[in-house]
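First the structure, in the form of C-alpha cells, and then the observations on it.
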Amino acid sequence: MGQNMQQSFEQRLDVQVDDVELLEDETYDTTRFVIRCLDEGDNVLTYASDTLNIETEGPVDVIGPKSISLVGGGIAFWVRTIGVSGEAIIRIRNERFGVVEQRIQVSKQSQASMRYEKSEQAVCLE
C-alpha cells in the first residue's frame, strides 16, 4: 500500500556567449558569458546559488574574479583578449554540474590593414 514515489527534476547550467569570434585591433575585445541554472522546462531556478570556477586557456583572460556564485539562479562574467590570436577555451566548473566548456576564436588585426582602414576613413575638408 505504501509505495515509495520519488520525483526527479533535471537541472542544468545553461551557458550563452555573446560572441564566439573576437577581433583585437587597437585595443582588446571582450565578450559576455551569461549562466543560468535551469530546470527541465527551461525555467530559471531562482533559489540556485551554486559557486562556479572559471578557467581560461589560450588568448583570453577573465575580467574580474574567477570564482563567482549564481545570484537568483544566474550570473554573467566577461572575458577579454590578451594580444594573441588563436582558439580560447573557457571552462566553467561546478561541484554539482561538472564542467561546461565553450570555445571562442581570437583574431588579431594586422597593423598594415589597420593603417589602410584608417586611410579609407579620412575625409578631406576644404
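Atom CZ of residue R91 and atom OG1 of residue T56 lie 9.5 Å apart, to the nearest 0.5 angstrom. Distance check, rounded to the nearest 0.5 Å: OG1 of T31 to CD of Q102 gives 9.0 Å. In this structure, the separation between CD on E87 and CZ on R103 is 4.5 Å, given to the nearest 0.5 Å. With values rounded to the nearest 0.5 angstrom, N53 atom CG is found 9.0 Å from S69 atom OG. Rounding to the nearest 0.5 Å gives a distance of 9.5 Å between OG1 of T51 and CD1 of I68. With rounding to the nearest 0.5 angstrom, the CG atom of D61 is 15.5 Å from the CH2 atom of W78.
Side-chain contact between N94 and V99 is absent, with no heavy-atom pair separated by less than 4.5 Å. By the 4.5 Å heavy-atom criterion applied to side chains, Q109 and E24 are not counted as neighbours. Put simply, the side chain of I63 does not reach to within 4.5 Å of the side chain of V79, judged on heavy atoms. Counting only heavy atoms from C-beta outward, the side chains of I89 and E101 approach each other to under 4.5 Å. The closest side-chain heavy-atom distance from I35 to I92 is below 4.5 Å. Considering only heavy atoms from C-beta on, N43 stays 4.5 Å or farther from L38 through its side chain. A 4.5 Å side-chain heavy-atom check between V60 and I82 finds every atom pair outside the cut-off. Between C37 and R96, some side-chain heavy-atom pair lies under the 4.5 Å cut-off.
Grouping the Ile, Leu, Val, Met, Phe, Trp and Tyr side chains by contacts below 4.5 angstrom, directly or via other members, places V15 with L22. V34 is not connected to L13 by any chain of hydrophobic side-chain contacts under 4.5 Å among Ile, Leu, Val, Met, Phe, Trp and Tyr, and they are in different clusters. Linking Ile, Leu, Val, Met, Phe, Trp and Tyr whenever their side-chain heavy atoms come within less than 4.5 Å puts V100 and F97 in one cluster. Criterion: ILVMFWY side-chain heavy atoms under 4.5 Å apart, direct or through other members. Under it, V44 and I75 are not part of a common hydrophobic cluster.
For E10 and R12, the salt-bridge test fails: no basic side-chain N is under 4.0 Å from an acidic carboxylate O. The residues K66 and E55 are annotated as not salt-bridged, no charged nitrogen and carboxylate oxygen being separated by less than 4.0 angstrom. Note on D29 versus K108: no salt bridge recorded, every NZ/NE/NH1/NH2 to OD/OE distance being 4.0 Å or above.
Residues A48 and L70 come closest through the heavy atom pair O-CB, 3.6 Å. In plain terms, the two heavy atoms of P59 and G86 that are nearest each other are CG-O, 3.7 Å. Across all non-hydrogen atoms, the minimal contact from D19 to I104 is O-CG2, 3.8 Å.
At most 12 non-hydrogen atoms from other residues, nucleotides or ligands lie less than 6.0 angstrom from OH of Y28.
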### Query
Would I90 and F77 satisfy side-chain contact (heavy atoms from CB on, under 4.5 Å), going step by step from the backbone distance to the final call?
CA-CA 11 Å; I90 294 85; F77 69 92; 4.1 Å; yes

